[in-house]
2 protein chains.
Amino acid sequence: MTPVELHPVVKRFIEDGGALSQSLGLGRVVGQIYAFLYFSDVPRALGDLQRALRISKGGASMGVRQLEQWGAARKVWVPGDRKDYYEANDWFGRILKSVLMDTMAKKMADGTAFLDAAEAMLKPGDENAAFIRERIAHMREFQGKAAKLWKNPLLQGFLK
Amino acid sequence: MTPVELHPVVKRFIEDGGALSQSLGLGRVVGQIYAFLYFSDVPRALGDLQRALRISKGGASMGVRQLEQWGAARKVWVPGDRKDYYEANDWFGRILKSVLMDTMAKKMADGTAFLDAAEAMLKPGDENAAFIRERIAHMREFQGKAAKLWKNPLLQGFLK
DNA sequence: CATTGCGTTCAATCCGTATTGAACATAATA
DNA sequence: TATTATGTTCAATACGGATTGAACGCAATG
């Protein structure tokens, strides 16, 4: 598959975007694809991604779908062409929120359930569980603060 | 090395704590060690960590040091014993801040530098770079908002 | 000064997960 | 319906980073 030449600056952004998303545990290609789309003034098809980033067909397909799920890329219709074209969503706040919801909030949610389950495991008469109860109560307290912060308009405004 | 029996609830917290820190890209053992220390009412030595968590000597040593660097565990002196004992810091906000500073803030910082460098790469007369400039400006804007949010008392209070 | 107990280091290994690519599914076109 | 152009799936693989454990350094003790 014949490569594609990129503006040096865009190339750097793709490299660093890939490294960033890699370091955040999101995989390298999603960062690369997003960077490529973000710096493209026209929509791009899967084949463009393959050529520009030298990634496999499957990788392009899966990466772009992941970005779509996070609302970081959207499919656009190009008349007279039946390929799927994509462009970047530049609303960083929204994207960040999606990713956070997909990674953090989920954990938070079953964190609450987990604390309940843990406390239910403690037998009523369990003497030496007093310290454990204390610790769980302390976790609950922090969890409450975190939930409050998450709901705060300042933060939600940033992530809107 | 002979194992150690743990309270079932603590065992669950260790399992889940390990899974959580693993999923956050911090490695499994640090989460496990922290959970073990957090639910221990007495300080613990490296050997205790090895036995309780069935991890290697090196793993215990490195994990506990990482926690120390984040301020999530501290060394305590036990008179008449020359082993190093550790206990958990339960100030979650502070710990979270340390971890964030160590993982995110760093990236943010050289993100700024990177944008400067990228813009410097654009030749003054480069016509078709207009779109790239636009995009970089848009990134700067968001970066500014993020920096502002980070400095906000509400967030800093939570992370104090 | 030899020995013992403890903590640290780091090269080798292991393990999870990101990535590939061939096979398949689907839809448009001739 | 056969063919061509596209997108998807998933088992196999490659890769990076987490984990191990033997070797080492150091300090206390006899």
Side-chain angles (χ1 to χ4, degrees), chain A residues 1-3 14-15 17-34 36-37 43-70 73-86 99 102-103, chain B residues 1-3 14-15 17-34 36-37 43-70 73-86 99 102-103:
Chain A
M1 181 154 260
T2 51
I14 289 173
E15 284 171 17
L20 179 61
S21 69
Q22 170 114 280
S23 77
L24 294 178
L26 305 175
R28 192 182 53 219
V29 294
V30 294
Q32 292 180 323
I33 293 176
Y34 182 79
F36 177 66
L37 293 177
R44 301 292 190 170
L46 286 193
D48 297 328
L49 301 181
Q50 279 187 80
R51 280 183 293 276
L53 308 175
R54 329 279 179 92
I55 59 179
S56 71
K57 210 177 171 187
S61 175
M62 293 191 300
V64 93
R65 180 138 33 93
Q66 177 73 91
L67 289 174
E68 248 190 314
Q69 275 172 356
W70 287 332
R74 59 175 155 271
K75 213 176 277 199
V76 299
W77 178 61
V78 172
D81 195 326
R82 59 198 184 81
K83 287 198 276 296
D84 291 343
Y85 285 84
Y86 295 90
V99 175
D102 197 40
T103 59
Chain B
M1 181 151 261
T2 52
I14 289 173
E15 283 170 19
L20 178 62
S21 69
Q22 169 114 281
S23 78
L24 294 177
L26 306 176
R28 193 182 51 219
V29 297
V30 295
Q32 291 181 324
I33 293 177
Y34 183 79
F36 177 65
L37 292 177
R44 300 293 189 170
L46 286 193
D48 298 328
L49 302 180
Q50 279 186 79
R51 278 185 294 275
L53 308 175
R54 328 279 178 92
I55 59 178
S56 71
K57 207 178 173 187
S61 175
M62 292 191 301
V64 94
R65 179 138 32 93
Q66 176 74 266
L67 289 175
E68 248 190 316
Q69 275 172 356
W70 287 333
R74 60 174 154 272
K75 213 175 275 199
V76 299
W77 178 60
V78 173
D81 195 327
R82 59 195 184 82
K83 288 199 276 297
D84 291 343
Y85 285 84
Y86 295 89
V99 175
D102 197 40
T103 58

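Sequence lines set the chain letters: A, B, ... in the order given, protein chains first and strands last, and positions in each chain run from 1.
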Subject >> Atom of A/Val76, atom of A/Tyr86 and distance for their closest heavy-atom approach >> reply: CG2-N, 4.4 Å
Subject >> Nearest atoms (heavy-atom pairs only) where A/Tyr85 meets A/Ala45 >> reply: CD2-N, 3.6 Å
Subject >> d(CD, B/Gln50; P, D/dG21) in whole Å >> reply: 10 Å
Original post:
Are the side chains of A/Val99 and A/Asp102 in touch, meaning some heavy atoms are under 4.5 Å apart?
Top reply: no
Original post:
A/Leu49 has an atom CG; how far is it from atom P of C/dT20, in whole Å?
Top reply: 12 Å
**OP:** Round to a whole Å and report the spacing from CD of A/Gln66 to P of C/dA18.
**Re:** 10 Å
Original post:
A/Leu20 has an atom CG; how far is it from atom C1' of C/dA18, in whole Å?
Top reply: 17 Å
Would you mind writing out the side-chain donor-acceptor pairs for residues 57-66 of chain A within the sub-3.5 Å range, not counting sequence neighbours?
none

Subject >> Whole-Å distance separating the CG atom of B/Leu26 from the P atom of D/dG17 >> reply: 14 Å
**OP:** Could you point out which residue of B/Arg51, B/Arg44, B/Gln50 forms a side-chain hydrogen bond (donor to acceptor under 3.5 Å, both in side chains) with B/Asp48?
**Re:** B/Arg51
Original post:
Looking at five pairs on each end of the helix from C/dC1-D/dG30 to C/dA30-D/dT1, what is the angle between the two axes, given to 10 degrees?
Top reply: 10°
**OP:** Compare every heavy atom of B/Gly27 with every heavy atom of B/Ser21, then report the nearest pair and how far apart it is.
**Re:** OG-O, 2.7 Å
Subject >> Distance (rounded to the nearest 0.5 Å) between A/Ile55 CD1 and A/Ile33 CD1 >> reply: 4.0 Å
Original post:
Whole-Å distance between D/dA18 C1' and B/Leu67 CG?
Top reply: 15 Å
Original post:
Tell me, for nucleotides 6-15 of chain C in 5' to 3' order, what letter each nucleotide earns: B for a base near a protein heavy atom under 4.0 Å, S for only sugar-phosphate near one, - for neither?
Top reply: SBBBB-----
**OP:** Start with the C-alpha distance between B/Leu49 and B/Leu37, add both sets of side-chain angles, then the distance that settles side-chain contact (heavy atoms from CB on, under 4.5 Å), and finish with yes or no.
**Re:** CA-CA 9 Å; B/Leu49 302 180; B/Leu37 292 177; 4.2 Å; yes
**OP:** Using the closest heavy atom to pick a nucleotide of DNA chain D for each, name whichever of B/Ser56 or A/Gln22 lands nearer the 5' end.
**Re:** A/Gln22
Subject >> Length of the CG-P vector between A/Leu24 and C/dT17, whole Å >> reply: 16 Å
Subject >> Trace of the side-chain contact (heavy atoms from CB on, under 4.5 Å) decision for B/Leu20 with B/Tyr34 >> reply: CA-CA 11 Å; B/Leu20 178 62; B/Tyr34 183 79; over 6 Å; no
